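Per chain, numbering begins at 1; letters A, B, ... match sequence-line order. Note that these values count all heavy atoms, side chains included, but never hydrogens, waters or copies made by symmetry. A quick note: this is a predicted structure, and the numbers were derived from the prediction, not measured.
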Number of protein chains: 2
Amino acid sequence: MADHRLRLEKMIETLRETGHRLTPQRLAVLKVLSLSEGHPSAEQVYEQVKDDFPTTSLATIYKTINLLKSVDQVLELGFAHASSRYDGNKPYPHPHVICTRCGRVVDPEHTAMRELSRDVAIDTGFRITHHRLDFYGLCPDCQEAD
Amino acid sequence: MADHRLRLEKMIETLRETGHRLTPQRLAVLKVLSLSEGHPSAEQVYEQVKDDFPTTSLATIYKTINLLKSVDQVLELGFAHASSRYDGNKPYPHPHVICTRCGRVVDPEHTAMRELSRDVAIDTGFRITHHRLDFYGLCPDCQEAD
DNA sequence: ATATGTGCAAATGGTTTGCAGTGAG
DNA sequence: CTCACTGCAAACCATTTGCACATAT
């Protein structure tokens, strides 16, 4: 579906452009994040990276993910009572469908709200119960403080 | 704006209907959550409750909030790297505008996405940089497992 | 060569939990 | 009178951090 190789190259290029080193551990993390169709947690990335790189630490996974976040090469889906899930394929805001039972995270094919919810249900087979829509930015006071 | 007294009564009624006791501490939490125009954190609720009730513990605040969540009388806005914020006035899903600098949470007046974002910016004065839209429900596998 | 990255282990911080004591119904 | 609730302190757990060592550039 998505061109994973291109994503990986884009990540690597971005790290270079921003003056960061490409260590083997980092490369392994980039690969998992760029190749994964799913939305893995840091722990899941860790498990995969350990296969080829047994000495890797979870801390390094987090550090690499944070680095990628800082250069907008990975999207973090943060939750209050569960670990964050990461999307390295589409590192820009887009809708997600999240199973409240098993935690599965799916990207709906369609991407406009009453009808959108219905479309998402049809696309994904989920039984939609609720949603979350947040806008982020600078409040008036914080714009002044710039 | 919102009818806070009605919200408080609704909360109390719901607790009664669901067989829960109304302790003074609980009542204090309900008041803060129902009266607040903002979207306080558990800590902020705690600070307010302590004013009238110095012996109250943060644990009790959390327990009460969780109780209210379980009967759909408060909406939790969960974040990965910050404490959750709670809305006792509108305990159903609705858009929020969140300042990425100071954490301020505002309810936009308008509520349909390209244009919605612009409307929200006009309504709130925020400079919108990104958004989050999640749908929650049961994935196909979990529907079967019911 | 040298600063950046790694890995360990300890710290963090919001939230939850166990349990003995308290009080609402 | 009883059982749900409170408050304390300890536990939890995802994530972050400090630091000595290693290594990409």
Side-chain angles (χ1 to χ4, degrees), chain A residues 11-33 39-47 49-71 73-86 103 105, chain B residues 11-30 32-33 39-47 49-71 74-86 103 105:
Chain A
M11 285 180 170
I12 293 172
E13 181 197 330
T14 302
L15 287 192
R16 276 214 190 88
E17 284 172 351
T18 52
H20 297 283
R21 295 181 182 169
L22 187 60
T23 64
Q25 296 92 324
R26 252 179 207 177
L27 182 57
V29 173
L30 300 208
K31 277 183 179 163
V32 172
L33 286 174
H39 300 71
S41 64
E43 191 74 39
Q44 289 169 329
V45 173
Y46 178 50
E47 292 305 326
V49 169
K50 268 206 300 194
D51 288 345
D52 307 286
F53 234 92
T55 67
T56 310
S57 73
L58 189 49
T60 295
I61 306 293
Y62 276 109
K63 283 169 184 166
T64 302
I65 288 176
N66 283 334
L67 175 59
L68 288 172
K69 277 203 296 179
S70 74
V71 295
Q73 289 303 308
V74 76
L75 179 73
E76 177 175 33
L77 284 176
F79 302 95
H81 308 286
S83 51
S84 288
R85 308 288 288 271
Y86 301 94
V105 179
Chain B
M11 285 180 171
I12 294 172
E13 181 196 329
T14 302
L15 286 192
R16 276 215 191 88
E17 284 173 351
T18 52
H20 297 283
R21 295 181 181 169
L22 188 61
T23 64
Q25 295 92 324
R26 244 175 215 179
L27 181 57
V29 173
L30 300 208
V32 172
L33 286 174
H39 300 72
S41 64
E43 191 73 39
Q44 291 169 329
V45 173
Y46 177 50
E47 291 307 326
V49 169
K50 268 205 303 193
D51 287 346
D52 306 286
F53 234 93
T55 67
T56 310
S57 73
L58 189 50
T60 294
I61 308 292
Y62 275 110
K63 284 168 185 166
T64 303
I65 288 176
N66 283 335
L67 175 59
L68 288 172
K69 277 201 298 179
S70 73
V71 295
V74 76
L75 180 73
E76 176 174 34
L77 284 177
F79 302 95
H81 308 286
S83 51
S84 289
R85 308 287 289 269
Y86 302 94
V105 180

Under 3.5 Å donor-acceptor pair, Arg21(A) side-chain atoms to dT4(C) base atoms: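 Check passes, donor-acceptor contact within cut-off.
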Under-3.5 Å donor-acceptor pair between Lys63(B) side chain and dG18(C) base: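 Answer yes: a donor N or O sits under 3.5 Å from an acceptor.
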Counting just side-chain N and O atoms, does [X] come under 4.0 Å of either OP1 or OP2 of [N]?
X	N	value
Arg26(A)	dG5(C)	yes
Thr23(B)	dT6(D)	yes
Asn66(A)	dT16(D)	yes
Ser84(B)	dT15(C)	yes
Gln25(A)	dG7(C)	yes
His20(B)	dC5(D)	yes
Thr60(B)	dG7(D)	yes

Pairwise 5' ranking along DNA chain C for Ala82(B) and Leu22(B), keeping only the more 5' one: Ala82(B)
Sugar-phosphate only, base, or nothing, as touched by Thr56(A) at under 4.0 Å among non-hydrogen atoms: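 If one applies the 4.0 Å heavy-atom cut-off, Thr56(A) turns out to touch the sugar-phosphate alone, with no base involved.
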Rounded distance in Å - CD1 (Ile65(A)) to P (dT16(D)):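 Interatomic distance, CD1 of Ile65(A) to P of dT16(D): 9 Å.
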